[in-house]
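Let me begin by presenting the structure, written as structure tokens, before commenting on it.
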Amino acid sequence: MARLLSEQELLRRESLNKLKGLGIDPFPAAEYQVSHYAKDLSTQYSEGVDGFENVCIAGRLMTKRIMGKASFAVLTDSTGDLQIYVNRDEVCPGEDKAMYNDVFKKLLDIGDFVGVRGHMFVTQTGEISLHVKELTVLSKSLRPLPVVKTDGDGNVYDALTDPEIRYRQRYVDLIVNPRVKDIFRKRNRVISTMRRVFDEAGYMEVETPILQPIPGGAAARPFITHHNALDVPLYLRVANELYLKRLIVGGFEGVYEFAKDFRNEGMDKTHNPEFTVMEIYVAYKDYHWMMRFVENLLEDVALAVNATTDAVIGANTVSFKAPYARVPILDAIKKHTGLDLAGKSEHDVREAAKSIGLEVDDSMGKGKLIDEIFGEKCEEHYIQPTYITDYPVEMSPLCKKHRDNPELTERFELMVNGKEVANAYSELNDPIDQLERFEDQLKLSAKGDDEAMFIDQDFIRALEYGMPPTSGLGIGIDRLTMMLTNQESIQEVLFFPQMRPEKFESVAGPEEFQAIGVPKDWSAVMVQAGFHTVASLLEQKPAGLHQKLNGYRKKNKLDLPALQLELVESWFNA
RNA sequence: GAUCUCUUAGCUCAGCUGGUAGAGCAAUACACUUUUAAUGUAUGGGUCCAGGGUUCGAACCCCUGAGGGAUCACCA
């Protein structure tokens, strides 16, 4: 296996070898101790401040501006950028100027890792910089990095924008587009803030199975895999709800899990096959308590992420400041469509859905119809955080019936910017009711709803031992992060969004050419000469090939013996 | 899955009515001791996504395919 190298890559490999020739290890093993980070230096230092006479940082070289015996460069570490000033006679105090003239000016490229030691100063143009006394090569970069430049007004030139490269090679995106790092730092703040709130409340983080014999807890198509030793199918979880409730049965007061869930469905800018959901279950609480808990939680999260409860999402500004409005779903439908569905039969609801122009079919039960009406006509209106409450019983098979109306459930979804971010219940803990609801799901399944849930007998058994009244919540971490970072697509808040597998083109190695009789020194240049495989070589006519190769030799002034026609002809007989 | 659209140098992009390619940055060489999108001069760099077709001639027109993006459908 080999890969076609660009001119720039070949040059960098040459530089690598020249470094070795100078006795410099381009990939040294030793620890490199830094005294500061770039951000420390650029924020703490100013002209005349003591304590910066001998500082040391390490990072990636991002620009080089060479002016004869002096150069400026930008070094980027995990905290940010710092300009360094490299002067020939400072870096090379003796007669030997190789470290500057050769190593720094020629053999080091943008993307290489170096460590520098020196003192801080401010340039004539007012930029805080490190005056380098000692330069250490830490790691060579063999591929040219896209060079993104930003001018004094903050205009960005030649930014890497191609989504395919950005997502497939996220490491390049992260190197070159600093804002991308901020998105992921904010994502981390979302998670760490939630974890802190839960831990302070005394709830316990737990882990539950990802490989499940029955994919329960949500209406979704699962991924199927197979366990060899047991010889059984297993499913990647679509939710962890049923396992967390088993733990409440087992006696924990509150449990939560940041879970990767997997759903074998379409991909678009709000759906990735694997995604992160935080689910939490707390004993002796109901959904009213949970609403108060969630609004306080999200206020904390928004503050931790953006230092304000206001979040700009596209053209809207959303306030996460508690409390949030509460609207029963049937009131929402009445308000936005004029339809009063309270107490209506499935037939009436279907007719109502048709009356406002929705496409319906017979596989849709009453719950799904109401969900459709809400999704089509109402959802978009809820920009500010709003709890939509009291969903019909049919679309919530794991949720307790409403204490005042058995047709409804004690459920809410939190809508923000017209989209769902959280879903919570007073959890159903009556095992007899739960079994009936599962059986209703089976009927839906028989009608053709391929997302209806399976019956989880072990879960029923657990409930039969008794589960305290419990409220549960799920929050889509990806979507919440999208909102708090003002990103339109889920791919922007996932490090490695799912993509079609990439095809890597490989070219023949020198030994493959040698196998048909190509001389060793010639075999090394065949690929560069345009013959990526032995087969492509042999498609040529011998005389033409002979001409082309010797032409290539002449054009590139290669230090190789010219090929004889008889030799080229012999390759075709090998 | 449907429709539209894009794919040209390491990156961002031009490329007219069909005449086998250009710019800026990056790279290479030289000059230059406080620059900052450093500058000046010179140079190299391309399977124009892939495969077919039309044509004397295709980056360009047609077909097929691959990949990306957008919209819609599906999907809590």
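All heavy atoms count here, side chains included; hydrogens, waters and symmetry mates do not. What you see is a predicted model, and the numbers here were worked out from it, not measured in a lab.
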Can you tell me the distance, in whole Å, between the CE atom of A:Met267 and the P atom of B:C72? 18 Å

Between B:U8 and B:G22, how far apart are the C1' atoms? Round to whole Å, please. 10 Å

Quick check: are there more than 12 heavy atoms from other residues, nucleotides or ligands sitting under 6.0 Å from NZ of A:Lys419? no

Kindly indicate whether the side chain of A:Glu7 and the base of B:A9 share any N or O donor-acceptor pair separated by less than 3.5 Å? no

Base-pairing assignment for B:U39 (Watson-Crick or G-U wobble, both under 3.5 Å): B:A31

Determine whether a donor-acceptor pair (one donor, one acceptor, N or O, separation below 3.5 Å) exists between the side chain of A:Thr123 and the base of B:U35. yes

Pick base, sugar-phosphate or nothing for A:Gln8, based on heavy-atom distances below 4.0 Å to the nucleic acid. base

Using whole Å, report how far NZ of A:Lys106 lies from C1' of B:C30. 10 Å

Looking at A:Asn423, A:Asp390, A:Thr389, which one forms a side-chain hydrogen bond (donor to acceptor under 3.5 Å, both in side chains) with A:Arg411? A:Asn423

Could you state the CD1-C1' distance from A:Ile66 to B:G40, rounded to the nearest angstrom? 15 Å

Within the structure, does a side-chain N or O atom of A:Lys269 lie under 4.0 Å from either OP1 or OP2 of B:U71? yes

Would you please determine if the base of B:A37 is stacked by A:Tyr157, with stacking meaning a centroid separation under 5.5 angstrom and planes under 30 degrees? yes

Rounded to the Å, how far apart are A:Glu265 CD and B:C74 P? 13 Å

With a 4.0 Å cut-off on heavy atoms, is A:Gln83 in touch with a base, just the backbone sugar-phosphate, or nothing at all? base

Which whole-number value in Å describes the distance from A:Glu274 CD to B:C75 P? 22 Å

Nearest-nucleotide 5' precedence on RNA chain B, A:Asp371 against A:Arg500: A:Arg500

What integer number of Å spans the P atoms of B:U3 and B:C13? 27 Å

Indicate, with a heavy-atom threshold strictly under 4.0 Å, whether A:Ser71 touches base, sugar-phosphate, or nothing. nothing

Got a salt bridge between A:Glu394 and A:Lys368, using NZ or NE/NH1/NH2 to carboxylate O under 4.0 Å? no

Nearest-nucleotide check on RNA chain B, A:Gly68 vs A:Ala159; residue mapping nearer the 5' end is A:Ala159

Run the side chain to side chain contact (heavy atoms under 4.5 Å, CB included) check on A:Thr409 and A:Tyr425 step by step: do they pass? CA-CA 8 Å; A:Thr409 53; A:Tyr425 305 151; over 6 Å; no

Would you please indicate if the ring centroids of A:Tyr85 and A:Phe121 are separated by under 6.0 Å? yes

C1' atoms of B:G53 and B:G24, separation to the nearest Å: 37 Å

Write down the distance separating the P atoms in B:A21 and B:A73, rounded off to the nearest Å. 46 Å

Inter-nucleotide P distance (B:A23, B:A31), Å rounded: 25 Å

Indicate whether OP1 or OP2 belonging to B:C11 is found under 4.0 Å from a side-chain N or O atom of A:Lys149. no

Do the charged groups of A:Asp109 and A:Lys140 touch, with an N to O distance under 4.0 Å? yes

Given the P atoms of B:U71 and B:C62, what is the spacing between them in whole Å? 26 Å

Across the strands shown, which category fits A:Arg168 at heavy-atom distances under 4.0 angstrom: base, sugar-phosphate, nothing? sugar-phosphate

Atom CD of A:Glu372 and atom C1' of B:C74: how far apart are they, to the nearest Å? 11 Å

Complementary nucleotide of B:U54, counting Watson-Crick and G-U pairs under 3.5 Å: none

Answer yes or no: side-chain N or O of A:Asp162 and base N or O of B:G68 forming a donor-acceptor pair under 3.5 Å. no

Suppose we define a pair by two distances each less than 3.5 Å, Watson-Crick or G-U wobble; what does B:A70 pair with here? B:U3

Euclidean distance, atom CZ of residue A:Arg166 to atom C1' of B:G69 [Å, nearest integer]: 13 Å

How would you label the contact of A:Arg65 with the nucleic acid (heavy atoms, under 4.0 Å): base, sugar-phosphate, or nothing? base

Atom NZ of A:Lys181: over 12 foreign heavy atoms under 6.0 Å: yes

Strictly by Watson-Crick or wobble contacts shorter than 3.5 Å, is anything paired with B:U12, and which nucleotide is it? B:A23

With respect to the phosphate group of B:C11, does any side-chain polar atom (N or O) of A:Thr161 fall under 4.0 Å of OP1 or OP2? no

